There are 2 protein chains.
Amino acid sequence: MEIRSKLWIEIDGKPVFGRGRRFLLEAIDKYGSINQAAKEINISYRKAWGYIKAMEERLGIKLIERQTGGRHGGGATLTQDARNFLKKYEALEKGIQGLVDERFIQIFNTKEL
Amino acid sequence: MEIRSKLWIEIDGKPVFGRGRRFLLEAIDKYGSINQAAKEINISYRKAWGYIKAMEERLGIKLIERQTGGRHGGGATLTQDARNFLKKYEALEKGIQGLVDERFIQIFNTKEL
DNA sequence: ATGCGTTATGCAAATATTCCATAACGAACT
DNA sequence: AGTTCGTTATGGAATATTTGCATAACGCAT
């Protein structure tokens, strides 16, 4: 029996940002490529692309600077807005998981129900 | 922009209990009927039934005492195990949402990104 | 011109979810 | 003893969602 928790941000009831998208942005920052980033976090490029599209539409902010074509095919980098947002989300998430785990063990760690 | 959080318990990677199931059990306790409970929380009877089935299978515990037929068609009541489980889950959930909300406001409550 | 590794998307296929339809039940009432 | 009523119980169809395949476009370097 394991406890799981999830944290995300919505706009008009639709998901805009969460752990998965956080990892995606972080990986794009690391690799300079949506494609590479998707591989890193084990999702298809298609899915990553969909995430980015939805995020940008819903937030109304450009998160990723894209370049198609070129010597190495192009690439992608985070905008400053994306970096700022990411930083805030990281701060929001920090510590929550630990708290939840701690409480779960405290409450459920008994043999009988 | 709203923050949302979710807390649930899994067994072997499969969801066993969460907010929705909590509401379902609470409503069954209140109405003495799966059918009525489902209406209360706005899900189909079919879905409620599936929830209960999965919960009982995965936990390996009987949660609902069912009676079919009879003057008023029958009904359902929570077992003591179900009550105990519910109580623990409620304790687990308590306060988490508030903490998350608080932090969200603190971090994101600025005009600019 | 050609090749390369990207970004960009439509659309088909697979999965998951929801809901419709119907059976069975049994106490109370007629 | 049959009828009624509001339940529980479930298969399976219908819908919705997610995933991923296939392919186009791009533009620099060779």
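Bear in mind that the values here come from a model prediction, so they are computed numbers and not experimental data. The sequence lines fix the lettering, A, B, ..., with proteins before strands; numbering per chain opens at 1.
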Under a 4.5 Å cut-off applied to non-hydrogen side-chain atoms, are B:M1 and A:L59 in contact? yes

Under a 3.5 Å distance rule, please check whether [X] uses its side chain to pair with a backbone N or O of [Y] as donor and acceptor.
| X | Y | answer |
| --- | --- | --- |
| A:R19 | A:K6 | no |
| B:Q36 | B:K30 | no |
| A:R22 | A:E90 | no |
| B:E10 | A:E2 | no |
| B:E65 | B:T77 | no |
| B:R4 | A:G13 | no |
| B:E26 | B:L86 | no |

Quickly work out the [X] [atom1] to [N] [atom2] distance and round it to whole Å.
| X | N | atom1 | atom2 | result |
| --- | --- | --- | --- | --- |
| A:W49 | D:dC21 | CH2 | C1' | 15 Å |
| A:E57 | C:dT9 | CD | P | 10 Å |
| A:Y45 | D:dA24 | OH | P | 16 Å |

What pairs of nitrogen or oxygen atoms, one from the protein and one from nucleotides 28-30 of chain D, lie under 3.5 Å apart?
from   : atom 1 : to    : atom 2 : distance (Å)
D:dC28 : O4'    : A:R71 : N      : 3.2

Hey, is the side chain of A:R66 poking within less than 4.0 Å of OP1 or OP2 on C:dT6, counting only N and O atoms? no

Please step through ring pair (Phe, Tyr, Trp, His ring centres under 6.0 Å) for the pair B:F85 and A:F108, ending with a clear verdict. CA-CA 9 Å; B:F85 193 88; A:F108 278 88; 5.6 Å; yes

Please list, in numerical order, the residues of residues 22-36 of chain B that have a heavy atom closer than 4.0 Å to any atom of DNA chain C. none

With a 4.0 Å cut-off, would you call A:R83 and A:D29 a salt bridge? yes

B/S/- contact track for nucleotides 12-20 of chain D, protein heavy atom under 4.0 Å: B------SB

